[in-house]
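Not measured: the values here are computed from a predicted model. Keep in mind that the numbers below use all heavy atoms, side chains included, and drop hydrogens, waters and symmetry copies. Order of the sequence lines fixes the chain letters, A, B, ..., with proteins taken first and strands second; residue numbering starts at 1 for each chain.
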There are 2 protein chains.
Amino acid sequence: MTDANKVLQALGDATRRDMVERLTDTAMSVSALAAPYDMTLTAVAQHLAILEAAGLVKTEKNGRVRSCRLDTKGFDILDAWSKARRPLWQKRLDALGDVLDET
Amino acid sequence: MTDANKVLQALGDATRRDMVERLTDTAMSVSALAAPYDMTLTAVAQHLAILEAAGLVKTEKNGRVRSCRLDTKGFDILDAWSKARRPLWQKRLDALGDVLDET
DNA sequence: AAAATACACAAGTTTAAACTTGACTATTTA
DNA sequence: TAAATAGTCAAGTTTAAACTTGTGTATTTT
């Protein structure tokens, strides 16, 4: 499975999308992340693992609490995938821009 | 369901992602689109309907054949959603760029 | 040190989404 | 005009992903 496939698969689920949105500009513990959902902590932890494997979220454990924040990696992969689906002339224009930036 | 939710939900499925990738820079009939997959034409048509509802694909029927191509709409929605998940300072920089572009 | 908190893990269940079947319509080809 | 092609539709089945249960560990609080 490619990186982009992992990212898009991860974002295919409504709960995981909501988790990502709630983590925008805000770090939070697993329990805090789980609070609004009508499901067990285990289920939320499973969602989290998928987001982490996709590079959308990174976590760090301090003591007994695991802190979660967004990871830019997954979003970079997402942007690159989306860009590659653009019509040829747009990709050419974009490549031209990149060359100009370098000079 | 928001527009971004529809787009990400649609791209959550591996077959639909593959369909999108194969439609990059190439229009194609429903049967041509269905050819590589080990599933019925009906299943492919169902996937297609989801992609179309999300604004990722547009189709047009001429005679008995329906031609499918990518639609930029869905990708614009996807890009905007991804951009909104960036850290605050990146969004501020981006907003500054927009203002400078206008002047 | 006892109790509560925060999370982890393995194994089983449930359900929504993917997929099929069978019947049908419209269009093109032989 | 008969047959083949391209797709549509409603209704039923299947399966992978989401979710739960039960148990266990490390850490913090009282």
In the 5'-to-3' direction, what one-character label does each nucleotide of nucleotides 19-30 of chain C receive under the scheme B = base within less than 4.0 Å of a protein heavy atom, S = sugar-phosphate only, - = no such atom?
BBBB----BB--
Specify the residue among A:Ser29 and B:Ile50 whose closest nucleotide of DNA chain C lies further upstream toward the 5′ end.
A:Ser29
According to the salt bridge (Lys or Arg N to Asp or Glu O under 4.0 Å) rule, which pairs have a member within residues 23-45 of chain A, sequence neighbours left out?
A:Asp25-B:Lys91
Between A:Asp18 (CG) and D:dA18 (C1'), how many Å, whole number?
16 Å
Between B:Asp76 and A:Arg86, is there a side-chain N and carboxylate O pair less than 4.0 Å apart?
yes
To the nearest angstrom, how far is A:Met1 atom CE from D:dA17 atom C1'?
12 Å
Using whole Å, what does the distance between atom P of nucleotide D:dT27 and atom CZ of A:Arg66 come to?
12 Å
Test item: A:Val44 and A:Met19 side chains (from C-beta on) under 4.5 Å apart, heavy atoms
yes
side-chain contact (heavy atoms from CB on, under 4.5 Å) evaluation trace for B:Val30 with B:Thr59
CA-CA 9 Å; B:Val30 177; B:Thr59 73; over 6 Å; no
Atom CE of A:Met28 and atom P of C:dA6: how far apart are they, to the nearest Å?
15 Å
B:Leu48 has an atom CG; how far is it from atom C1' of C:dA17, in whole Å?
17 Å
Could you tell me if the side chain of B:Met39 sits less than 4.5 Å from the side chain of B:Thr15, heavy atoms only?
yes
Are A:Trp81 and A:Thr2 close enough, and set up right, to give a side-chain contact (heavy atoms from CB on, under 4.5 Å), and what steps lead you there?
CA-CA 11 Å; A:Trp81 186 87; A:Thr2 73; over 6 Å; no
Start at the 5' end of DNA chain C and walk down; is the nucleotide closest to A:Lys61 or to B:Gly12 reached first?
A:Lys61
Can you measure B:Leu33 atom CG to D:dT8 atom P for me and round it to whole angstrom units?
12 Å
